[in-house]
Amino acid sequence: MLSTGLLTKFSVLWLATVATLKVSSSSILNSSASANATNTRNGTSKPNFVFIITDDQDLHLSSMDYMPFVQKHFGQGGTFYKRHYCTISICCPSRVSLLTGKAAHNTNVTDVSPPFGGYPKFISQGFNDKYLPVWLQEAGYNTYYTGKLMNGHSTSTYNDPFVSGWNGSDFLIDPGTYLYWNATFQRNHSPPSSFPDDYSTDLVNEKGLDFLNVAANGSKPFFLGIAPIAPHAVTKSGNFSPPDPAPRHQDLFPDLKAPRTDNFNPEEPSGASWVFNLERLNDTVIEHHDDFYRRRIQSLQAVDELVDNVINRLTEQNLLDNTYIIYTSDNGFHIGQHRLQPGKTCAFEEDINVPFYIRGPGIEKGKTVDLVTTHTDIVPTLFELAGIELRDDFDGKPMPVTEKAIEAAEQVRSVKKNEHVNVEFWGVGIQEGTFGGRGQNNTYKTLRIFGDGYNLMYTVWCTNEHELYDMSKDPGQLNNLARSSSNQTQLLNQPIDKVQGRLDALLLVLKTCKASSCRDPWAVLHPNSTVTNLEAALSSTYDAFYEAQPKVSYSKCELGQILDSEGPLVGNVYEGSDMWPNWV
Ligand SMILES: *[C@@H]1O[C@H](CO)[C@@H](O)[C@H](O)[C@H]1NC(C)=O
Ligand SMILES: *[C@@H]1O[C@H](CO)[C@@H](O)[C@H](O)[C@H]1NC(C)=O
Ligand SMILES: *[C@@H]1O[C@H](CO)[C@@H](O)[C@H](O)[C@H]1NC(C)=O
Ligand SMILES: *[C@@H]1O[C@H](CO)[C@@H](O)[C@H](O)[C@H]1NC(C)=O
Ligand SMILES: *[C@@H]1O[C@H](CO)[C@@H](O)[C@H](O)[C@H]1NC(C)=O
Ligand SMILES: *[C@@H]1O[C@H](CO)[C@@H](O)[C@H](O)[C@H]1NC(C)=O
Ligand SMILES: *[C@@H]1O[C@H](CO)[C@@H](O)[C@H](O)[C@H]1NC(C)=O
Ligand SMILES: *[C@@H]1O[C@H](CO)[C@@H](O)[C@H](O)[C@H]1NC(C)=O
Ligand SMILES: *[C@@H]1O[C@H](CO)[C@@H](O)[C@H](O)[C@H]1NC(C)=O
Ligand SMILES: *[C@@H]1O[C@H](CO)[C@@H](O)[C@H](O)[C@H]1NC(C)=O
Ligand SMILES: *[C@@H]1O[C@H](CO)[C@@H](O)[C@H](O)[C@H]1NC(C)=O
């Protein structure tokens, strides 16, 4: 966190720059007068939603500390979920999971481009008719979106077919998505156009505010998605270079360096597989990383202004009291941790634990909660807030967001759910920046699990290597307890192998789970039983059962979800001391 004095100084500086940011609104009808009608037209009062999503923004590299308006409007004005996770750490698959409420193994949109991902895969999997905005329209919402929807949504695919579900849209599309200058936008059903003289985030800001005016003028509740690309790297023909800040921000923070976390360029190698074999970074590379980091923070300043503009506009429109506003990122980011080049795609905490803030009616201000939540929970959460019946096929479940719901969830947490996160990845790890590259096998399944007295992460790689970290003692993930050279033999006062066996069985459920088995995986292993968390499963009663359980493994590193290479898909159910049939 920044000191208060520093924060105040920044705020003053930014207030000055906001004034110079021109947002055209003169052409838009002043809609304040009709604002109240939006939500009460036919006697119902469904809330509005404004969903702001950044691209590749970290939670663990302090980026939020440099966003005073986000701190003010969300940190002080809303609730922060410190244990919110993406379930796949890369843009398009993460966004598709987010927009459908489904894990990537169930969307099978697992990459940024065909055959395993991208917009064409989203279309061929049938999601254009089965995702958030379509469902919201069916429930009586008007829906709007500007900015990046997903990778592979491009000048050649945008009308093949058009994205459905939006009453108004102005998308950033490839190959111009990740250009801060001369970005390509595609509005409603019009052909794409490029904007050589404007800064991408400011355009998204302006278009977002325009849609807000249109939405506020309508007679229905609305959803507005605003998706600037910051702080994503500038990406051109497969090369990733540091983001371009807006010119008004390019000289800020001249001395800022990438945070030297305890796992930054560690002396001893860490991680499994290809990460363990990385060489230590030299000074040239570290200097590059510092520059990369500084430019990310600079590029986020325009997003911070966007946030302030959106909140101010909602206030002017008298809509703030009936609008839920969310701030999050599609996935996290690392720079130099574990000797890595800048990037995401890993299961390290930096890549998967992402910012998530919500503010709105019934939501406490200035609160931090440590309930475990994920991106697949977001659509169910919106459904619940909008009073829409939950779909049976959601892999996620509504997040407790109101004060009452949070209290209730905190009370039952130790005995029920809200314990695990299922993270997965297929394909290659991408290392960004000048010293980056592409091509390492990076297919894995990860279980992140929290409970009374435990905070663990367990990963099985397509090479059949394992990682196990005690995150309470080793948050930087430097001491892999599953490595044979590890000198630690006990975890949770149990032999490590025993704990690992329980985690492996839970991961076996999660890697193929669907709907209720994703939400409540212990019930697959222990139906009709009181075993609903790791602690209960550790009882010695179940030792033989877990020892006999098939283990998560792979026969090959694939670039997508080829089940033939993903080892056992079915395990055993505990129905008594000697009754362990397969689950179905
Ligand atoms: C819009 O309405 C608000 C509230 O009545 C008022 O403060 C503002 O000046 C109006 N803006 C324009 C452009 O008319
Ligand atoms: C809208 O609601 C607010 C607060 O309930 C009220 O003060 C205002 O007069 C209403 N405006 C209109 C145009 O009805
Ligand atoms: C109000 O409108 C919503 C959305 O169009 C609809 O689902 C609902 O049934 C309507 N309620 C009444 C009381 O007409
Ligand atoms: C938004 O689109 C839905 C679905 O096509 C439609 O029912 C609704 O009337 C549209 N809203 C407006 C304001 O045009
Ligand atoms: C902007 O992008 C368009 C479309 O890719 C391209 O044709 C044009 O040359 C670019 N303009 C500039 C100034 O780079
Ligand atoms: C607001 O609604 C009125 C009446 O339906 C329409 O004439 C006007 O163009 C709308 N303004 C905007 C910004 O959509
Ligand atoms: C530092 O490391 C980079 C990446 O491995 C390499 O290209 C460069 O030559 C190294 N520089 C020095 C001074 O050793
Ligand atoms: C075990 O290994 C860790 C890291 O490798 C080291 O920090 C620690 O001191 C070792 N503990 C013992 C008891 O040897
Ligand atoms: C669990 O309980 C249900 C309903 O009581 C019963 O139908 C089912 O057979 C039970 N399953 C097991 C594995 O005992
Ligand atoms: C990735 O995995 C495939 C299949 O298991 C293997 O053929 C290939 O050599 C691996 N590539 C690297 C860089 O390890
Ligand atoms: C996922 O998609 C790929 C590419 O189309 C396909 O080969 C694979 O069988 C699919 N996997 C599943 C589990 O449907």
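Read the numbers this way: they start at 1 and go in the same order the structure lists the ligands and their atoms.
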Residue, atom name and distance, where the atom is the protein heavy atom closest to [atom]:
{"atom": "atom 5 (O) of ligand 10", "value": "Cys557 N, 3.1 Å"}
{"atom": "atom 8 (C) of ligand 11", "value": "Gln561 O, 3.5 Å"}
{"atom": "atom 13 (C) of ligand 10", "value": "Gly439 O, 3.7 Å"}
{"atom": "atom 4 (C) of ligand 11", "value": "Lys121 NZ, 3.5 Å"}
{"atom": "atom 7 (O) of ligand 11", "value": "Ile562 CD1, 3.7 Å"}

Open item on the list: Only heavy atoms of Lys556, strictly under 4.0 Å: list the atoms of ligand 10 that pass.
Closed with: 4 (C), 5 (O)
Open item on the list: Pairs of nitrogen or oxygen atoms closer than 3.5 Å, one from Asn441 and one from ligand 10: do any exist?
Closed with: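 Between Asn441 and ligand 10 (N or O atoms, distance only) the closest approach is under 3.5 Å.
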Open item on the list: Under 6.0 Å from the ring centre and within 45 degrees of the ring axis: does the NZ or CZ of Arg391 meet both conditions for the six-membered ring of Phe383?
Closed with: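 No; the conditions do not both hold, so Arg391 does not lie above the ring face of Phe383.
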Task: ligand 11 contact by Pro115, heavy-atom criterion under 4.0 angstrom - done: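 The answer is yes: ligand 11 sits under 4.0 Å from a heavy atom of Pro115.
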Task: Contact with ligand 11 for His105, non-hydrogen, under 4.0 angstrom - done: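 False for this residue.
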Looking at [Y] and [X], is any side-chain nitrogen of the basic one under 4.0 Å from a carboxylate oxygen of the acidic one?
{"X": "Asp520", "Y": "Lys397", "result": "no"}
{"X": "Lys511", "Y": "Asp504", "result": "no"}
{"X": "Asp393", "Y": "Lys102", "result": "yes"}

Open item on the list: Is a donor from one side chain sitting under 3.5 angstrom from an acceptor on the other, for His338 and Gln477?
Closed with: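 Judged by distance alone, the side chains do not pair up.
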Task: Donor-acceptor side-chain pairing of Asp351 and Asn331 below 3.5 angstrom - done: no
TODO: Quick one: closest heavy-atom pair of Ala272 and Arg483, and the distance?
DONE: CA-NH2, 4.1 Å
- [ ] Check each of Asn108, Val109, Thr110, Leu563 against atom 3 (C) of ligand 11 and report the one with the nearest heavy atom.
- [x] Asn108
Open item on the list: If we count only non-hydrogen protein atoms and require a distance under 4.0 Å, does atom 11 (N) of ligand 10 qualify as touching the protein?
Closed with: yes
Open item on the list: Quick check on the 6.0 Å ring-centre criterion: do Phe394 and Trp135 meet it?
Closed with: yes
